[in-house]
Amino acid sequence: MDNVNIPLWRADAIVLFDWLMSTDLNTVPITHPAQKQALTDLLSRLEADVDSDIAGSTAEEIAAAQEAVARDMGW
């Protein structure tokens with residue numbers, strides 16, 4: 001399979017990783033099983049990215065990332 005590189009702001013990656021780790025993917029509304037698998041794949045890739053160490057984020061880093069992302073919402 002071909003890989004796609006998606007530049008992601010570190011704060012976004014931390015927020016997404018934290019959410020994916022704390023969410024029961026069986027309760028996320030999906031219309032196709034591939035959607036659940038794609039979320040699982042995203043979680044695995046964020047967890048395995050040793051260059052960014054997203055998986056090792058502290059509670060303080062998560063809170064700061066959530067604040068930064070929410071500040072940039074623009075809606």
Side-chain angles (χ1 to χ4, degrees):
M1 282 215 216
D2 294 333
N3 287 326
V4 175
N5 292 320
I6 301 172
L8 192 59
W9 187 28
R10 180 177 172 80
D12 283 333
I14 290 171
V15 169
L16 283 170
F17 180 79
D18 180 60
W19 177 75
L20 287 166
M21 286 296 292
S22 63
T23 298
D24 179 356
L25 293 180
N26 292 319
T27 64
V28 174
I30 61 168
T31 57
H32 193 280
Q35 295 167 336
K36 181 178 172 183
Q37 184 59 50
L39 287 172
T40 302
D41 291 345
L42 175 60
L43 174 60
S44 295
R45 284 174 178 81
L46 288 170
E47 191 169 31
D49 187 354
V50 295
D51 291 335
S52 66
D53 192 28
I54 297 298
S57 297
T58 65
E60 293 80 16
E61 289 172 318
I62 293 167
Q66 290 170 335
E67 184 178 320
V69 172
R71 185 174 44 243
D72 278 0
M73 287 175 57
W75 46 274

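Hydrogens, waters and symmetry mates play no part in the numbers below; they use all other heavy atoms, side chains included.
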Asker: Does anything in residues 35-46 pair up under salt bridge (Lys or Arg N to Asp or Glu O under 4.0 Å), and if so which pairs, sequence neighbours excluded?
Answerer: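 Sorted result for residues 35-46: empty, none.
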
Asker: Check the hydrophobic clustering (I, L, V, M, F, W, Y; side-chain heavy atoms under 4.5 Å; chains of links allowed) and say if Val15 and Leu25 are grouped together.
Answerer: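 No; tracing contacts between hydrophobic side chains, which count when under 4.5 Å, never links both residues.
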
Asker: What's the spacing between Ile14 CD1 and Ile54 CD1 if we round to 0.5 Å?
Answerer: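 Taking CD1 in Ile14 and CD1 in Ile54, the distance rounds to 4.5 Å.
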
Asker: I need the full list of salt bridge (Lys or Arg N to Asp or Glu O under 4.0 Å) pairs touching residues 53-70, with sequence neighbours left out, sorted by first then second residue.
Answerer: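 Residue pairs with at least one partner in residues 53-70: Glu67-Arg71.
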
Asker: Among residues at least two apart in sequence or on other chains, which ones pass side chain to side chain contact (heavy atoms under 4.5 Å, CB included) with Leu43?
Answerer: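 Expected list: Phe17, Leu20, Met21.
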
Asker: Under 6.0 Å from the CG atom of Asp2, do we count more than 12 heavy atoms belonging to anything else shown?
Answerer: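 12 or below, so no.
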
Asker: For the residue pair Ala11 and Ala65, what are the closest heavy atoms and their distance?
Answerer: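 Reported closest heavy-atom pair: O-CB, 3.7 Å.
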
Asker: Have Asp49 and Ser52 got a donor and an acceptor in their side chains that come within less than 3.5 Å?
Answerer: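 The criterion, which ignores hydrogens and geometry beyond distance, is satisfied for Ser52 and Asp49.
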
Asker: So, taking the atom named CG in Leu46 and the one named CG in Leu8, what distance separates them when rounded to the nearest 0.5 Å?
Answerer: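 Those atoms lie 7.0 Å apart.
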
Asker: Say whether, by atom type as modelled, one donor and one acceptor occur between the side chain of Gln35 and the main chain of Thr31 under 3.5 angstrom.
Answerer: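 A pair under 3.5 Å: yes.
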
